[in-house]
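Structure first, commentary second.
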Number of protein chains: 2
Amino acid sequence: MHATPNFASIGALLGDPTRAAMLEALYDGRAWTAGELAQAANVTPQTASAHLQKLVQANLLAVAAQGRHRYFRLASSDVADALEALSILATRRLVRPWLRSGAEPLHHARTCYDHLAGTLGVSLVESLLRQRCLTEGDDAYSVTPAGRALLRRLDIDVEAARSRRRSFARKCLDWSERRYHLGGALGAALAECLFARKWLRQAAGSRAVSVTPLGERGFRELNLLQE
Amino acid sequence: MHATPNFASIGALLGDPTRAAMLEALYDGRAWTAGELAQAANVTPQTASAHLQKLVQANLLAVAAQGRHRYFRLASSDVADALEALSILATRRLVRPWLRSGAEPLHHARTCYDHLAGTLGVSLVESLLRQRCLTEGDDAYSVTPAGRALLRRLDIDVEAARSRRRSFARKCLDWSERRYHLGGALGAALAECLFARKWLRQAAGSRAVSVTPLGERGFRELNLLQE
DNA sequence: GCCATGTTTCGACGCGGAACGAAGCGATAC
DNA sequence: GTATCGCTTCGTTCCGCGTCGAAACATGGC
């Protein structure tokens, strides 16, 4: 048994205090810039850069360049699972913040080009993921049979959206939430539908969006937007 | 944010190649002496001793002194879970490795702490699901009346397994197959039974498992493990 | 009593890698 | 254009920790 087990390299990556501090910050599921992570881990930017390179190299983190910022986030939920598994062995446990925060109001809901963004957009897509209406790929979401059924209930024509030339169900990174929401043709069709049904209302001359009482009821019936 | 995350220390422990080799050996669920572990990790006894001390200190290993030997084993199935979670991250980047690699015996059939994993473990649980002996929940399986009958034929005491403090029929994610197999107390009881009946055999010093001719016949009679 | 075996403690060596300063690159702002 | 900001690359220093030799400490067999 001369070959070192494959988990050793991952353990070594997670074992360094600086990298661990970065991963703990990213454990909230949002995307952070390199500079923010350097600050969170209390090291200089060049040190942080070296660590982030290793983590990306090992596919623990994904990175998206935006202007002169580079946004890093956990590459998949498997990474969060591994951190959690290690934490179980330690005395204190990590708590996934987006799971415990149930009752926070939908602040900062807004549109992003032609689809929903902000807390509302992110919560909505996460509800859909939790209910297995969508599955998550690298750059896009896929619609499951359950998702097709839900969209049919809302009278959204999935196939029409799919046939358009623009991408179908793109993952769009939200710069305030630092999380993904649903863009593409499907995101636009969904937003259009929710406004048409008056579940959502947009104040004139503003991108801010609010949920109407009608929408409250509708989302509740579909088991969306709730913990 | 000066405090280093608690998982960092665990990660550092699992990240060292020598300690990882020891844990890999102990992953078969059996107890090994300090000398055997030194040999497995290819280091001198005094080096192994230092590592084992750290692992015991961190509650990753349990130790029992017997004469002039000291027997080490994994402290709990949580440790095996953590190793499994890290292995998933380590193999994830490869392009669907669970499809191309049938050749390696570890992928085919192995023990995962104290239950069966690999192709064998996955096939077995899927046979049981297909025959409605088990049903699948989010985190665990449930035993149906048909399943209870089958387990009784194998002289497995389901109620004894259920009454233990550890989880009963947990779904354990397999790092090579990327599918679930049967863990928990029931998984352990089933593996124990199949080894006791000599349906399965484990080569000394390896986690690889093979099906004996006796097992071939037995599985066929129970309509298990066949397509 | 003796010696052999299994394991731990102590001390010293040496390598790997984390850290930062300085400099370079690219993008945005003015 | 110039200035500034965010990030990365290069080169160097330095500390931590894994490693082994030597020796001590057990336990069991004789």
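Letters go in sequence order (proteins before strands), and every chain restarts at 1.
For A:H51, the ring pair (Phe, Tyr, Trp, His ring centres under 6.0 Å) criterion is met by no residue, not counting sequence neighbours. Residues satisfying the side chain to side chain donor-acceptor pair (under 3.5 Å) test with A:T135, not counting sequence neighbours, are none. Residues passing the side-chain contact (heavy atoms from CB on, under 4.5 Å) test with B:K198 are B:L214, sequence neighbours excluded. Partners of B:A34 by side-chain contact (heavy atoms from CB on, under 4.5 Å), not counting sequence neighbours, listed by chain and number: B:L52, B:F72. Residues satisfying the side-chain contact (heavy atoms from CB on, under 4.5 Å) test with B:A185, not counting sequence neighbours, are B:A161, B:R166. In this view, A:A20 and B:P5, B:F7, B:A8 satisfy the side-chain contact (heavy atoms from CB on, under 4.5 Å) rule, not counting sequence neighbours.
For DNA chain D, the residues of residues 59-71 of chain B within the heavy-atom distance limit of 4.0 Å (strictly under) are B:G67, B:R68, sorted by number. For residues 44-54 of chain A, proximity to DNA chain C is found at A:T44, A:Q46, A:T47, A:H51, A:K54, defined as any non-hydrogen atom under 4.0 angstrom from a strand atom.
When side chains are defined from C-beta on, B:L61 counts as touching B:L23, because their heavy atoms get closer than 4.5 Å. Inter-residue side-chain proximity for B:V209 and B:T111 is flagged as met; some heavy-atom pair is nearer than 4.5 Å. Contact annotation: the side chain of B:H181 never approaches that of B:L116 to less than 4.5 Å [non-hydrogen atoms, C-beta and beyond]. Side chains of A:L154 and A:L190 form a contact here, defined as non-hydrogen atoms less than 4.5 Å apart.
The outermost nucleotides of DNA chain C lying under 4.0 Å from heavy atoms of chain B, listed 5' to 3', are C:dA4 to C:dT9. For DNA chain D, the outermost nucleotides in 5' to 3' order that have an atom under 4.0 Å from a heavy atom of chain A are D:dT4 to D:dT9.
Screening residues 187-197 of chain B for salt bridge (Lys or Arg N to Asp or Glu O under 4.0 Å) gives B:D155-B:R197 as the qualifying pairs, with residues at least two apart or on separate chains. Contacts classified as side-chain hydrogen bond (donor to acceptor under 3.5 Å, both in side chains) and involving residues 69-83 of chain B (residues at least two apart or in different chains) are given here: B:D81-B:R170.
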